[in-house]
Number of protein chains: 2
Amino acid sequence: MLATDHEEAGNTVSESWRSFGEQRLSAPLAAALACFVEQGYHGTTIRRIAERAGLSVPGLYHHYPSKQALLEGLVMTVMHELLDHTRRAAAEAGDDPGRRFDNIVECLLRFHMHRRDQAFVASTEIRGMDPGVRGAYIALRDEQQRMVDDTVREGVDRGAFATPYPRDAGRAVTTMCVAVSSWYRPDGELSPDEVVEHYLALCRATVGAR
Amino acid sequence: MLATDHEEAGNTVSESWRSFGEQRLSAPLAAALACFVEQGYHGTTIRRIAERAGLSVPGLYHHYPSKQALLEGLVMTVMHELLDHTRRAAAEAGDDPGRRFDNIVECLLRFHMHRRDQAFVASTEIRGMDPGVRGAYIALRDEQQRMVDDTVREGVDRGAFATPYPRDAGRAVTTMCVAVSSWYRPDGELSPDEVVEHYLALCRATVGAR
DNA sequence: ACACCGACCGAGCGATCGCTCGGTCAGGGA
DNA sequence: TCCCTGACCGAGCGATCGCTCGGTCGGTGT
């Protein structure tokens with residue numbers, strides 16, 4: 001599939017959609033992420049971000065032109081990463097809607113555990129985005145939602161799923177998976193594999209998988 | 001002051017848990033609610049709330065001592081209302097966990113449609129609450145969650161539900177219902193009764209109701 | 001040797017924040 | 001009549017906001 005990839009700065013481009021490498025955020029982005037998670041976008045000051053990044057305020061502005069640009073950097077990066085992984089998860093499943101549903105849901109779940117903070121900020125800070133950023137984010141989010149919806153509908157059409165409400169079921173499944181970023185903790189009682197096992201079963205039940 | 005707020009938005013005790021009276025919020029609370037929904041707590045200024053309420057800034061402070069008190073008034077009122085309705089919905093169902101589950105879920109769904117804005121603010125503005133308010137809110141939210149969890153577990157114990165993961169199923173069901181407040185619109189394509197019909201079926205499927 | 005450049009910062013800009021001081025004014029009880 | 005009370009507001013407080021000006025400094029190319 002990807003033949004000539006070479007390792008680059010310790011990161012391999014051709015990794016499986018199931019695995020998410022360590023996040024390599026710049027110091028300002030990492031600091032902004034931690035602040036936004038704790039206080040929200042409007043509740044965070046540029047001075048606090050700079051302090052957390054080990055920079056002065058002008059030093060921070062040397063790398064990013066505005067507070068909004070920090071939010072944009074976090075949100076856009078993580079949404080493209082999600083879509084990239086989900087597309088590969090769907091492609092790997094081939095034509096069977098049941099298998100595709102399983103792969104997409106597993107991908108959504110693993111993403112919202114491995115990229116918990118960024119996913120949390122993206123989904124809760126929509127009101128903090130300027131119109132341009134918000135529009136771009138919503139377009140990506142809708143594209144992600146459509147992949148789930150199409151798979152559920154196709155599964156119902158082909159008799160793999162039994163739910164009488166495919167549209168609502170698709171939204172419910174996405175909601176469940178996105179919410180993982182608001183309660184999952186690496187030191188919690190469920191491991192990532194267990195979360196996938198449990199929630200994949202729940203999502204299958206929700207769409208009436210036979 | 002806050003005790004008065006609770007009564008202000010309260011409904012007559014004799015009406016059914018299924019019906020929610022028209023919201024009776026004071027002008028400042030109604031203005032704060034609209035602002036918080038649109039811009040979030042930290043993104044809203046006291047001047048904007050006052051303007052929307054048809055008051056000057058000191059006029060606003062004559063009725064509420066702080067911006068935080070407005071948030072507290074909105075969140076506490078609506079959570080007490082939810083718990084009150086849910087308790088009556090559960091009591092009416094008697095001893096059968098299947099019926100109790102149906103009633104609680106229907107109550108959750110109707111609440112998140114009729115009190116959409118307040119429920120949305122309560123669930124998305126936790127980071128804007130001062131520690132005291134946050135603690136009180138979370139205690140009420142956990143109590144609500146426990147009613148769902150206990151019912152699911154009892155349903156599994158008594159053979160009414162088949163899910164192997166009652167705890168996760170309870171969280172998933174609550175998540176689905178709470179999320180209604182973030183997409184439901186009175187002029188949308190689904191009426192409240194249709195939303196109840198669809199999502200009750202999805203929630204039953206999620207817990208594996210037989 | 002020296003010009004240049006990216007990385008960074010002390011100080012502070014104008015705007016706006018939550019909140020308050022010191023009132024005005026209509027209506028009601030004695 | 002007279003003053004009390006609750007409802008309200010013009011003006012503005014000190015603090016803090018996002019952001020910028022005018023630099024310093026160490027490394028690099030020539």
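Note: hydrogens, waters and symmetry copies are ignored here, and every other heavy atom, side chains too, is used. To find a chain, count down the sequence lines: A is the first, B the second, and so on, and within it residues start at 1.
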- Query: Below 4.0 angstrom from OP1 or OP2 of D/dC8, is there any side-chain N or O of B/H62?
  - Reply: no
- Note on the structure: Ranking B/S66 and A/G59 by the position along DNA chain C of their nearest nucleotide, the one closer to 5' is A/G59
- Over how many whole Å does the gap from B/Y61 atom OH to C/dT20 atom C1' extend? 9 Å
- Electrostatic pair A/R52:A/E38 at N-O distance under 4.0 angstrom: yes
- Message: Looking at D/dC8, I'd like to know if its phosphate oxygens (OP1 or OP2) sit under 4.0 Å from a side-chain N or O belonging to B/H63.
- Response: yes
- Query: Roughly, in whole Å, what's the span from CD in B/E51 to C1' in D/dC9?
  - Reply: 15 Å
- In whole Å, what is the span from the CG atom of B/L55 to the C1' atom of C/dT20? 16 Å
- Protein-nucleotide distance (B/I46, atom CD1; C/dG18, atom C1'), rounded to Å: 7 Å
- Query: Between B/K67 (NZ) and C/dG18 (C1'), how many Å, whole number?
  - Reply: 8 Å
- Using the ring of each side chain (for Trp, its six-membered ring), is B/F20 parallel, tilted or perpendicular to B/H114, with breaks at 30° and 60°? parallel
- Message: Closest approach to the side chain of B/P58, judged atom by atom: which nucleotide of D/dA11, C/dC17, C/dC19 is it?
- Response: D/dA11
- Using whole Å, report how far CZ of B/R48 lies from P of C/dG18. 13 Å
- Do we see a donor-acceptor contact under 3.5 Å between the side chains of A/Y61 and A/S66? no
- Query: Could you give the CG-to-P distance, from A/L60 to D/dT20, as a whole number of Å?
  - Reply: 12 Å
- Message: Within the 3.5 Å criterion, strictly below it, is a donor on A/R171 or B/Y199 matched to an acceptor on the partner's side chain?
- Response: yes
- Query: If you check the B/R47 side chain, which of D/dC19, C/dT20, D/dG12 turns out closest?
  - Reply: D/dG12
- Task: Take the protein atom OH of A/Y64 and the nucleotide atom C1' of D/dG18, then report the distance between them rounded to whole Å.
- Result: 18 Å
